[in-house]
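Reviewing the structure listed below.
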Amino acid sequence: MPLKVYNTLTRRKEEFVPLEKGKVKLYVCGVTLYDELHLGHARAAIVFDVVVRYLRHKNYEVNYVTNFTDVDDKMIARAKALKTSVFDLAKRFSADYFRQMKILQVERADHYPRATEHIKEIIELIKRLEEKGLAYCRDGDVFFRVRKFPSYGRLSGQSLENLAAGARIEINENKEDPLDFALWKKAKEGEPSWDSPWGKGRPGWHIECSAMAMKYLGESIDIHGGGRDLIFPHHENEIAQSEAATGKQFARYWMHNGLITLKGQKMSKSVGNVFTLSEALKKYSPEVIRYFFLSAHYRTPLEYDENSLKEAASSLERVYNLFERIRELRESPKKSFSEELQREREDLSKYLNEVEERFTFAMDDDFNTPSVLAVIFEGIKKANLLLQKEELLDEASYQLLLDLEKKIRSIGKILGLFQHQEREKLGERERRLIELLVKVRSKLREKKDWPLADEIRKELNELGIELEDKKDRTVWKVK
RNA sequence: GGCGGCAUAGCCAAGUGGUAAGGCGAAGGACUGCAAAUCCUUUAUCCUCGGUUCGAUUCCGAGUGCCGCCUCCA
């Protein structure tokens with residue numbers, strides 16, 4: 001079954017066919033380096049991280065480019081407010097970005113181009129547009145003639161008339177038409193600027209993406225991604241500029257991730273309801289945050305609330321509990337082949353035969369990660385069912401359990417989940433101390449000294465050490 | 001006002017033209033000295049009204065509600 005991708009351009013799921021067989025050119029709009037990352041940025045990063053991992057899993061050679069906007073109005077305003085330079089701001093927040101992405105286990109993109117490092121390419125692209133009569137300079141500003149690009153509005157489903165009718169009052173009187181947008185902005189006093197054929201200035205926001213995507217990926221790319229809120233005007237403008245300049249289709253598939261909402265509203269600086277990534281990371285592990293994002297389909301809006309994060313944590317617990325149970329069996333002797341386990345064994349075995357196909361089916365259907373998780377939990381249930389009869393466990397059953405764990409981990413690798421090997425590595429001395437306490441407690445239990453035994457369990461629990469009494473032994477784990 | 005999207009159990013969330021995955025939570029039960037973990041059972045007239053159909057939650061139309069975009073935004 002082929003991979004199907006929802007294409008914003010056509011508003012349909014379409015079979016994914018790359019321009020060049022076996023290769024994928026992917027460009028995703030990144031962040032503006034003017035403030036801390038919030039959960040919305042994290043979601044976008046994780047969504048496309050999974051897309052890339054899956055494409056690579058399918059043996060596509062992926063060239064993944066995501067940019068940094070390191071000069072624009074907000075950067076300038078923010079730098080001023082913090083009494084620093086745009087350059088320092090960019091340095092600080094890009095370092096922050098890489099640090100947090102690492103924590104979230106987001107794999108590195110192949111290129112992270114920055115606007116200020118591609119001024120030459122940007123100027124060249126604007127010149128091409130100017131030569132074709134699609135751009136005009138007025139008093140140091142350069143604008144794009146939107147009406148010269150007839151299919152403008154296709155991505156956002158807007159007609160030029162509607163856009164014109166809905167257009168807000170434009171401040172800039174240099175524009176021929178209110179719909180026109182800036183390709184190049186004349187520098188104001190004290191602003192960072194670069195020399196250009198139109199005088200000192202800096203690039204408009206949209207042009208950098210066109211120029212950099214073309215530089216690293218070529219004039220036509222396979223997938224262009226970003227948050228839903230970028231559809232208009234950013235992506236619409238990118239298409240106009242790029243296609244007007246080259247005469248070629250800019251991107252074949254446009255993928256947009258849904259936004260994070262808080263109390264039903266889009267999380268954004270302007271609404272003032274942002275929850276930063278670092279705040280979230282103080283309360284929840286990176287894996288919990290990843291799980292939370294992947295538990296919803298990437299295109300739907302996702303409401304941030306504490307309960308959902310706690311749910312994610314509990315769900316992950318269930319997975320790791322199973323791994324822990326399987327690990328517990330590593331050294332215990334296996335019984336001889338048991339007929340009694342036949343049903344559970346067959347059930348799990350059947351599941352193992354199908355799981356890869358079901359995983360692929362779900363992912364091929366526009367990266368349906370919630371379905372993937374459901375498939376995984378079915379397997380977990382089957383394994384637990386087999387473990388119900390732990391005392392009969394034979395070698396064949398044990399092997400099936402190992403296979404299951406391996407399978408879940410390999411699928412998890414594509415999602416960036418389920419990779420922890422052991423819960424927290426404790427020091428040797430600490431471990432032996434715990435084992436000593438467990439041993440003492442076992443003796444107390446033999447003597448039926450329940451109050452004291454329970455107290456030890458309770459206090460260890462408060463220290464994050466969880467004890468579970470099995471039939472013949474006590475196991476412990478770090479929470 | 002225009003364009004687009006969404007409405008599934010207490011909550012989160014997939015999905016299908018033939019009465020609905022999974023997770024979390026809750027209740028009852030099994031196991032346990034008690035817990036924990038695990039298992040079993042229970043927990044959905046799929047927003048409303050029309051239409052198409054043998055049959056719709058799934059398709060079409062209208063309505064209602066919510067959200068996004070039309071201005072910077074992942």
Side-chain angles (χ1 to χ4, degrees), chain A residues 8 11 28-32 34-35 37-48 66 69 72-74 77 153 155-159 161-171 205 225-234 236 256-261 264-271 274 291-292 295-297 299-303 305 307-319 321-322 324-325 362 365 368-378 380-381 383-385 387-390 445 448-451 453-454 457-458 461 466-471 474-475 477:
Chain A
T8 307
R11 290 182 198 84
V28 177
C29 287
V31 296
T32 301
Y34 80 115
D35 209 343
L37 295 180
H38 65 241
L39 288 168
H41 301 116
R43 184 184 193 190
I46 287 171
V47 161
F48 287 102
T66 187
T69 296
D72 80 334
D73 293 344
K74 279 185 300 190
L155 182 70
S156 52
Q158 300 275 5
S159 66
E161 292 66 44
N162 284 336
L163 284 165
R168 314 277 168 105
I169 298 136
E170 282 295 332
I171 315 150
W205 175 37
R228 280 198 79 83
D229 51 354
L230 295 181
I231 294 173
F232 192 93
H234 187 53
E236 196 74 72
H256 293 98
N257 62 276
L259 306 179
I260 299 287
T261 60
Q265 273 201 307
K266 169 185 172 180
M267 183 178 286
S268 82
K269 295 279 289 179
S270 42
V271 182
V274 290
Y291 185 98
F292 167 62
S295 68
H297 185 86
R299 276 189 284 119
T300 63
L302 182 58
E303 170 77 6
D305 81 296
N307 273 340
S308 301
L309 271 291
K310 283 179 190 148
E311 264 182 32
S314 301
S315 304
L316 276 170
E317 265 297 295
R318 188 168 157 84
V319 178
N321 275 334
L322 174 67
E324 199 73 23
R325 283 182 86 180
D365 184 16
N368 194 335
T369 54
S371 274
V372 172
L373 294 175
V375 170
I376 286 173
F377 279 101
E378 275 184 47
I380 286 171
K381 174 130 186 177
N384 277 323
L385 224 40
L387 281 162
Q388 272 294 99
K389 297 178 181 167
E390 192 184 317
R445 290 182 67 226
K448 303 207 188 297
D449 186 346
W450 310 124
D454 289 350
R457 182 173 63 195
K458 184 165 163 268
N461 196 280
E466 208 165 67
L467 302 193
E468 287 179 25
D469 295 324
K470 303 272 179 177
K471 279 214 163 62
T474 297
V475 301
K477 65 190 182 195

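All chains are named by letter (A, B, ...) in the order of the sequence lines, taking the proteins before the strands, and each is independently numbered beginning at 1.
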Go through the N and O atoms of the side chain of [X] and the base of [N], and report whether any donor-acceptor pair is under 3.5 Å.
X	N	answer
A:Arg457	B:A35	yes
A:Arg445	B:G33	yes
A:Glu378	B:G22	no
A:Asp469	B:C34	yes

Requested in this report: Give a yes/no verdict on base stacking between B:G23 and A:Phe377: centres under 5.5 Å, planes within less than 30° of parallel.
Outcome: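 Stacking between A:Phe377 and B:G23: absent.
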From the set [options], return the single nucleotide nearest to any side-chain atom of [X].
X	options	answer
A:Asn368	B:C69, B:A74, B:A14	B:A14
A:Ser314	B:G33, B:G25, B:A74	B:G25
A:Lys74	B:A36, B:C69, B:C72	B:C72
A:Glu468	B:C69, B:A35, B:U38	B:A35
A:Lys381	B:G33, B:C40, B:A13	B:C40
A:Leu259	B:A74, B:A14, B:U38	B:A74
A:Gln265	B:C3, B:A74, B:G68	B:G68
A:His41	B:U71, B:U38, B:A74	B:A74
A:Glu311	B:C11, B:C34, B:A13	B:C11

In this structure, how many angstroms lie between the [atom2] atom of [N] and the [atom1] atom of [X], rounded?
X	N	atom1	atom2	value
A:Leu155	B:G5	CG	P	13 Å
A:Arg228	B:G5	CZ	P	8 Å
A:Asn162	B:G1	CG	C1'	9 Å
A:Leu302	B:C67	CG	C1'	13 Å
A:Asp229	B:G5	CG	P	17 Å
A:Lys266	B:C67	NZ	P	14 Å
A:Lys471	B:C31	NZ	C1'	7 Å
A:Lys458	B:G33	NZ	C1'	18 Å

Query raised in the report: Hey, mind stepping through A:Lys74 and A:Asp35 against side-chain contact (heavy atoms from CB on, under 4.5 Å) and telling me if it holds?
Result: CA-CA 9 Å; A:Lys74 279 185 300 190; A:Asp35 209 343; over 6 Å; no
Base paired to [N] (Watson-Crick or G-U; both N/O distances under 3.5 angstrom):
N	value
B:G55	none
B:U16	none
B:G10	B:C24
B:G4	B:C67
B:U38	B:A30

Taking the side chain as every heavy atom from C-beta outward, state whether [X] and [Y] have any pair of such atoms under 4.5 Å apart.
X	Y	result
A:Leu302	A:Leu39	no
A:Arg325	A:Val475	no
A:Tyr34	A:Asp72	no
A:Asp469	A:Arg457	yes

Distance between the [atom1] atoms of [N] and [M], in whole angstroms?
N	M	atom1	result
B:U19	B:U71	P	48 Å
B:G2	B:U45	P	35 Å
B:U64	B:G25	C1'	30 Å
B:C12	B:C6	C1'	16 Å
B:G23	B:G61	C1'	36 Å
B:G15	B:U8	P	14 Å
B:G51	B:A44	P	29 Å
B:G68	B:G50	P	32 Å

Under 4.0 Å, counting only non-hydrogen atoms across every strand here, what does [X] touch: a base, just sugar-phosphate, or nothing?
X	value
A:Gly40	base
A:Gly258	base
A:Ile260	base
A:Leu385	sugar-phosphate
A:Thr300	sugar-phosphate
A:Ile376	nothing
A:Ser268	base

Requested in this report: Using the closest heavy atom to pick a nucleotide of RNA chain B for each, name whichever of A:Ala374 or A:Arg11 lands nearer the 5' end.
Outcome: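 Of the two residues, A:Arg11 wins.
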Requested in this report: Hey, which sits more toward the 5' end of RNA chain B by its nearest nucleotide, A:Asp305 or A:His234?
Outcome: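 Counting from the 5' end, the first nearest nucleotide belongs to A:Asp305.
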Query raised in the report: Would you say the side chains of A:Arg318 and A:Asn384 form a donor-acceptor pair under 3.5 Å?
Result: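 Side-chain D/A pair, A:Arg318 to A:Asn384: absent.
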Under 4.0 Å: is that the gap between some side-chain N or O of [X] and OP1 or OP2 of [N]?
X	N	value
A:Lys477	B:A36	no
A:Lys310	B:C12	no
A:Asn384	B:C39	yes
A:Arg318	B:G23	yes

Query - Within 6.0 angstrom of A:Lys470 NZ, more than 12 heavy atoms from elsewhere - result: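 Correct, the count exceeds 12.
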Query - Closest non-hydrogen atom pair between A:Gly264 and A:Glu303, with its separation - result: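 For A:Gly264 and A:Glu303, the tightest heavy-atom pair comes out as N-OE1, 2.9 Å.
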Report task. Over all heavy atoms of both residues, which pair between A:Val274 and A:His38 is shortest? Give the atoms and the distance, please. Result ->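 Looks like CG1-ND1, 3.8 Å.
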**Report entry** Side-chain donor or acceptor of A:Thr66 paired with backbone N/O of A:Val28 under 3.5 Å
**Finding:**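 A pair under 3.5 Å: yes.
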